[in-house]
Amino acid sequence: QVQLVESGGGLVQAGGSLRLSCAASGRTFSNNAMGWFRQAPGKERDIVAAINWNGGGKYSADSVKGRFTISRDNAKNTVYLQMNSLKPEDTAVYYCAARKYTIVALASEAYDYWGQGTQVTVSS
């Protein structure tokens with residue numbers, strides 16, 4: 001089992017920045033690929049970014065490319081999502097997820113463990 005706890009969400013003006021953190025506990029974190037997903041009201045949960053077990057491979061959705069950066073610190077069992085140049089359309093609940101495999105996947109069904117989510121609200 002892997003337990004995930006997100007933090008760092010909040011209210012920010014358009015153009016601002018936030019850094020989300022996801023602290024993991026339980027089985028060995030460094031063996032897990034990690035992902036950040038988001039879900040806006042009335043919409044599906046979509047992938048935002050993902051990272052391989054060692055940080056050597058990353059994925060970012062087109063909608064956030066150049067603005068959001070995913071990273072991880074295996075010594076701290078933590079994965080981060082740095083969000084810059086935020087837009088109102090980035091408003092959503094952001095979820096951290098871990099999968100039992102070392103390589104990233106894009107589908108939410110490929111992830112085995114989920115955090116409780118953190119709200120990000122971007123005002124115009």
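The analysis underlying the following values was restricted to heavy atoms, covering all of them including side chains, and did not include hydrogens, waters or symmetry mates. The residues of the chain are indexed from 1 along the displayed sequence.
- Expressed to the nearest 0.5 Å, how far CG of N74 lies from CE of M34 amounts to 9.5 Å.
- When side chains are defined from C-beta on, L18 counts as touching L86, because their heavy atoms get closer than 4.5 Å.
- Side chains of F68 and V48 form a contact here, defined as non-hydrogen atoms less than 4.5 Å apart.
- Residue Y59 places its OH atom among more than 12 non-hydrogen atoms of other residues, nucleotides or ligands, all under 6.0 Å distant.
- A 4.5 Å side-chain heavy-atom check between Q3 and Y113 finds every atom pair outside the cut-off.
- The two residues A49 and L81 have their closest heavy-atom pair at CB-CD1, 4.2 Å.
- Of the possible polar contacts, none joining the N77 side chain to the C22 backbone as a donor-acceptor pair under 3.5 Å is found.
- Comment: D90 does not engage K87 in a salt bridge, judged by the lack of any side-chain N to carboxylate O separation of less than 4.0 angstrom.
- A donor atom on one side chain and an acceptor atom on the other are found under 3.5 Å apart for N84 and S17.
- Rounding to the nearest 0.5 angstrom, the gap separating the OH atom in Y94 from the CD atom in E6 is 12.5 Å.
- Open room surrounds NZ on K76; 12 or fewer heavy atoms of other groups in view lie less than 6.0 Å from it.
- Scanning both residues, A23 and T78, for their nearest heavy atoms gives CA-OG1, 4.2 Å.
- Of all non-hydrogen atoms in N32 and R72, the two that sit nearest each other are O-NH1, 2.8 Å.
- Looking only at distances, a side-chain donor or acceptor of Y111 sits under 3.5 Å from a matching main-chain atom of A105.
- Going from atom CH2 of W36 over to atom CE of M83 covers 8.0 Å, rounded to the nearest 0.5 Å.
- Considering CZ of R38 and OG of S63, their distance stands at 4.5 Å, rounded to 0.5 Å.
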For this session: Dump the intermediate steps for side-chain contact (heavy atoms from CB on, under 4.5 Å) on L20 and V120, then the final yes or no.
Result: CA-CA 9 Å; L20 304 184; V120 171; 4.1 Å; yes
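- Proximity of a side-chain donor or acceptor of N52 to a complementary backbone N or O of N54 within less than 3.5 Å is not detected.
- Note: F37 and W114 meet the aromatic proximity criterion, with ring centroids under 6.0 Å apart.
- Between atom OG of residue S25 and atom CD of residue Q1 there is a gap of 10.0 Å, rounded to the nearest 0.5 Å.
- Residue V2 is not grouped with residue W53 when hydrophobic side chains (ILVMFWY) are merged at heavy-atom distances under 4.5 angstrom, including chains of intermediate members.
- When atom types are taken as modelled, the side chain of R99 and the backbone of A33 share no donor-acceptor pair closer than 3.5 angstrom.
- I51 contributes atom CD1, which lies 4.5 Å from atom NZ of K58 (distance to the nearest 0.5 angstrom).
- Taking every heavy atom of both residues into account, V122 and T91 meet most closely at N-OG1, 2.9 Å.
- Other residues, nucleotides and ligands place no more than 12 heavy atoms under 6.0 Å from the CD atom of Q13.
- When all heavy atoms of V79 and C96 are compared, the pair lying nearest together is CG1-SG, 3.8 Å.
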